[in-house]
Amino acid sequence: MPHYRISEVAELLGVSDDTVRRWVASGRLPATRDGSDRQIVDGQALAGFAREQTATDEPGRVSARNRLPGIVTDVKVDGLMARVDVAAGRFRLVSLMTREAAEELGLRPGVLATAVVKATTVVITTAGEHG
């Protein structure tokens with residue numbers, strides 16, 4: 001099973017190293033020490049923690065489960081269409097929508113928004129073995 005250093009966990013979850021250290025210190029996220037006395041987090045434990053962090057109790061009126069809160073960083077309107085950029089953590093998401101939809105939602109840079117993704121295909125890659 002792969003293990004991750006504190007800085008890797010922080011990057012994966014989109015938080016600071018200090019936040020991860022606080023979670024470990026409080027017992028919310030279990031960690032052990034490697035041979036160099038660095039704190040490491042088991043991949044399976046991290047997956048469980050991430051599931052808990054992303055669980056939502058919102059009553060569902062939308063079947064899509066991939067909901068990414070973020071901030072609108074750019075809106076470009078061209079004729080009937082609009083391109084909306086959202087920064088969700090360290091990820092940039094781009095949505096193409098009608099100009100009318102963008103205007104009705106009041107989308108402009110600085111507005112908080114949630115990107116809801118529903119796709120039948122998601123490509124997953126790995127960076128290699130950890131651990």
Side-chain angles (χ1 to χ4, degrees):
M1 179 54 68
H3 290 85
Y4 299 94
R5 294 190 318 258
I6 295 296
S7 61
E8 293 174 313
V9 172
E11 184 175 342
L12 289 169
L13 299 180
V15 299
S16 71
D17 293 9
D18 288 340
T19 296
V20 175
R21 286 189 187 95
R22 279 193 295 275
W23 289 339
V24 169
S26 70
R28 288 182 62 196
L29 180 63
T32 58
R33 299 225 176 239
D34 66 9
S36 300
D37 202 33
R38 292 179 300 201
Q39 289 183 310
I40 56 173
V41 177
D42 173 75
Q44 190 168 3
L46 178 59
F49 182 80
R51 266 193 307 274
E52 291 173 13
Q53 298 302 303
T54 58
T56 177
D57 293 330
E58 293 179 35
R61 287 229 167 259
V62 177
S63 64
R65 296 293 179 251
N66 302 308
R67 302 172 58 87
L68 306 166
I71 186 168
V72 175
T73 57
D74 194 24
V75 177
K76 292 214 179 334
V77 176
D78 183 22
L80 296 174
M81 298 300 293
R83 188 190 85 194
V84 179
D85 290 34
V86 173
R90 63 185 183 97
F91 301 103
R92 173 180 171 240
L93 303 168
V94 178
S95 177
L96 300 177
M97 64 182 67
T98 64
R99 173 190 203 135
E100 181 180 11
E103 290 173 355
E104 284 179 4
L105 291 169
L107 299 177
R108 62 186 184 286
V111 169
L112 295 178
T114 300
V116 180
V117 179
K118 183 164 187 157
T120 56
T121 304
V122 175
V123 177
I124 298 174
T125 65
T126 62
E129 287 294 317
H130 281 81

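These numbers were taken from a predicted model, which means no experiment stands behind them.
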Legend entry - Over 12 foreign heavy atoms within 6.0 Å of CG, L80: no
Inset, instruction - Might you confirm whether atom CG of D18 has over 12 heavy atoms from other residues, nucleotides or ligands at distances under 6.0 Å? - result: yes
Legend entry - Under the side chain to side chain donor-acceptor pair (under 3.5 Å) test, residues paired with R38 that sit two or more places apart: D34
Inset, instruction - With sequence neighbours excluded, tell me which residues meet side chain to side chain donor-acceptor pair (under 3.5 Å) with D74. - result: K76
Distance-only criterion, 3.5 Å: show the donor-acceptor pairs between side-chain atoms of residues 103-111 and protein atoms not counting sequence neighbours.
{"residue": "E103", "atom": "OE2", "partner": "R99", "partner atom": "NE", "Å": "2.9"}
{"residue": "R108", "atom": "NH1", "partner": "G106", "partner atom": "O", "Å": "3.2"}

Heavy-atom closest contact ([X] atom, [Y] atom, distance):
X	Y	answer
E8	H3	OE1-O, 4.3 Å
A10	D17	CB-OD1, 3.2 Å
A82	A102	CB-CB, 3.9 Å
P30	R28	CD-O, 4.0 Å

What distance separates [X] [atom1] from [Y] [atom2], expressed to the nearest 0.5 Å?
X	Y	atom1	atom2	answer
Y4	L12	OH	CG	6.5 Å
T73	D85	OG1	CG	4.5 Å
T114	L68	OG1	CG	8.5 Å
I40	R33	CD1	CZ	10.0 Å

Legend entry - Short side-chain to backbone donor-acceptor contact, T19 and V15, under 3.5 Å: no
Inset, instruction - Take V9 and L29 through the test side-chain contact (heavy atoms from CB on, under 4.5 Å) and record every step on the way to the result. - result: CA-CA 10 Å; V9 172; L29 180 63; 4.1 Å; yes
Inset, instruction - Might you work through the side-chain contact (heavy atoms from CB on, under 4.5 Å) test for L13 and F49, ending with a clear yes or no? - result: CA-CA 10 Å; L13 299 180; F49 182 80; 4.0 Å; yes
Inset, instruction - Go through the steps to decide whether V75 and R83 satisfy the test side-chain contact (heavy atoms from CB on, under 4.5 Å), and finish with yes or no. - result: CA-CA 6 Å; V75 177; R83 188 190 85 194; over 6 Å; no
Legend entry - Same apolar cluster (I L V M F W Y, side chains within < 4.5 Å links), V72/V77: yes
Legend entry - Test: R90 and E11 ion pair at under 4.0 Å: yes
Inset, instruction - Could you go through the side-chain contact (heavy atoms from CB on, under 4.5 Å) check for T32 and Q39 one step at a time? - result: CA-CA 6 Å; T32 58; Q39 289 183 310; over 6 Å; no
